[in-house]
Protein chains: 2
Amino acid sequence: MPSTSDSFTGSVWLRPPRAQTGQPSLSREQIVRAAIELLDAEGPAGLSMRRLGAKLGSGATSLYWHVANKDELLELAVDEVFGEIYVPEPGDTHWRVGASISANGMRSALLRHPWVIGLLGLHPTLGPNAMRLGERLVALFTAAGFSGMPLSHATATLNAHAIGSATSEAAIKSALKRTGKTWEEVAEDVEPYLERLAPDNPNYEKWRKETGPLRNDPERVLEETYAFGLDRLLDGLELWLTKSGAEPPAV
Amino acid sequence: MPSTSDSFTGSVWLRPPRAQTGQPSLSREQIVRAAIELLDAEGPAGLSMRRLGAKLGSGATSLYWHVANKDELLELAVDEVFGEIYVPEPGDTHWRVGASISANGMRSALLRHPWVIGLLGLHPTLGPNAMRLGERLVALFTAAGFSGMPLSHATATLNAHAIGSATSEAAIKSALKRTGKTWEEVAEDVEPYLERLAPDNPNYEKWRKETGPLRNDPERVLEETYAFGLDRLLDGLELWLTKSGAEPPAV
DNA sequence: GAGCCAATCGCACACCGTACGAGAGAGGCT
DNA sequence: AGCCTCTCTCGTACGGTGTGCGATTGGCTC
């Protein structure tokens, strides 16, 4: 371990890659992939260095040659997940479609790997895949007519919507998965609690009574919530674009 | 511990409160408050049951009388933080202002207690404070003219924006705090990395060069990003409201 | 005073991240 | 050929973690 001085977060990305000559039976990519598999299968609690080592047929501490510590491994895993997100080229679609595809990709990647959500607030992700994502979004929104700080704000807001939506969605799905109950069973469980709180929540209660019959398939509802918000957001961005009098640059 | 059957997430909220007769030198509220102090001061890693016990002058395992386990303690702490968020009454302001105040409150609560962000994806929060928040938002958006599922979508989207924005913001601030460096120093550290990746990120690089001089105070930029997104979102919601021909109910 | 029961606590267990140093084995140099 | 160096693996050990369990305390009601 050359132990470069702690530049920025001491982040993986800023450190020169490791030279290689010996007999590597382990590799960083392999470790990261295995870690992701464990995390997907059993959640954040399912990943320990010992278990990961076992899964790879090696000692737990051997991993520390390829990875400085567990935190760094998680950073690598997060960026790997970002690699799954596709952002269209500017020319391929209208920017609204491109932005939708990008946000959908972010959302579904986060829902496929919900453990990522809990890590996003810890370090800024500036791995190569995250950078590529940023690059593509800049290209997309530049072509749409954004520039300067508003461009950055727009892309950040798009991502914020995907992240925020995925967070709430993951919370619900995690509860369903953990209890193994169906949506109906959970609703039954919560019902008496809501009844008890009803006097304090008249408006919510009224809304709940009125929309009760409509709220059946939670999967669908969650998706609609996300899509509704995305459409409103894109409407707002488009409105700003026209009002600010921006011209899309020549394609 | 009466050990009620595991209703829903076995969530704290659905369990009857504990009877009380003995000599309580510890209380649930006190424990939760102390836990929040520890979490605020030292982050998620700073909270252990032993340290918490020590801080309260009691044995670590004494806490387990008042709290089923650490997860439950964290759920309680999250709801406590939600209690800090103020949502105006419908009559008090235009709904856009009310929604802004609410989202601002959510954002700043999350930034005051960044550890909450990492917990939001784990359980749906249905504590009393979260419920009160929901109630107020329903009231606000009902008065604005929303109803049915779109009402729920609108409130969820508002929260998603606050959560998503706070997540990215917390990531950056956490890195700054952890390294103790100034924004300029971090920028210097990252610079060579960005230069190296520049060939792959032409659009991003172009944007970066153009806006370089403008991007000074990150605190301000982050706030502007959030505010820009919020405005676009509210624009989009307002547009939908007028286009859907909804009438605000009599006030 | 007897008995009950809420509340506190110490101990122990299994597990965690990881520092450290010993060793294996390949490659390059003389 | 001999040796040295450098990459890589691994066992051991340390100080921590969450928490199950049983013993203990002390105030309350009969």
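So that the names make sense, note that chain A is the first sequence line, chain B the second, and so on, each numbered from 1. These numbers come from a predicted model, not from an experiment.
The nearest whole Å value for the distance from the CH2 atom in A:Trp65 to the C1' atom in C:dC20 is 14 Å. Taking atom CG of A:Leu47 as the reference point, atom P of C:dG17 lies 7 Å away to the nearest angstrom. Separating the CG atom of A:Leu63 from the P atom of C:dC16 is a distance of 13 Å, rounded to the nearest angstrom. In this structure, the CD atom of A:Gln30 is 13 Å from the C1' atom of D:dT9, given to the nearest Å. Distance A:Asp71 CG to C:dC16 P: 16 Å, rounded to the nearest Å. Residue A:Leu73 contributes atom CG, which lies 10 Å from atom P of C:dG17 at whole-angstrom precision. In this structure, CD1 of A:Ile31 is placed 11 Å from C1' of D:dT9, rounded to the nearest angstrom. Here C:dC16 presents its P atom at 11 Å from CG of A:Leu38, a figure rounded to the nearest Å.
Contact check of residues 53-61 of chain A against DNA chain D (heavy atom, cut-off under 4.0 Å) returns A:Ser58, A:Gly59, A:Thr61.
Other residues, nucleotides and ligands contribute only 12 or fewer heavy atoms inside 6.0 Å of the CD atom of A:Glu223.
Relative to the side chain of B:Arg50, the nucleotides C:dT18, C:dT8, D:dT19 differ in distance, and D:dT19 lies closest. When the nucleotides C:dT18, D:dC8, D:dT19 are ranked by their closest atom to the side chain of A:Asn69, C:dT18 comes out on top. Of the candidates D:dG18, D:dT9, C:dG17, D:dG18 carries the atom nearest the B:Met49 side chain, counting heavy atoms from C-beta on. The side chain of B:Tyr64 lies closest to D:dT19 when the candidates are C:dC16, C:dT8, D:dT19.
The phosphate of D:dC8 (OP1 or OP2) has no side-chain N or O of A:Ser62 nearer than 4.0 angstrom. OP1 or OP2 of C:dT8 sits under 4.0 Å from a side-chain N or O of B:His66.
Between A:Arg112 and A:Asp40, the shortest heavy-atom distance links the atoms O-OD1, 3.7 Å. Minimum interatomic distance between B:Asn129 and B:Gly83 (heavy atoms only, all atoms of both residues): CG-CA, 3.4 Å. The two residues A:Leu122 and B:Ser174 make their nearest non-hydrogen contact at O-OG, 2.5 Å.
In this structure, A:Glu191 pairs ionically with A:Arg208, as a charged nitrogen and a carboxylate oxygen lie closer than 4.0 Å. Taking 4.0 Å as the cut-off between side-chain N and carboxylate O, A:Arg33 and A:Glu37 do not count as a salt-bridged pair.
To the nearest 0.5 Å, atom OH of residue B:Tyr64 and atom CD of residue B:Glu72 are 11.0 Å apart.
Here A:Leu52 lies out of heavy-atom contact (under 4.0 Å) with every strand.
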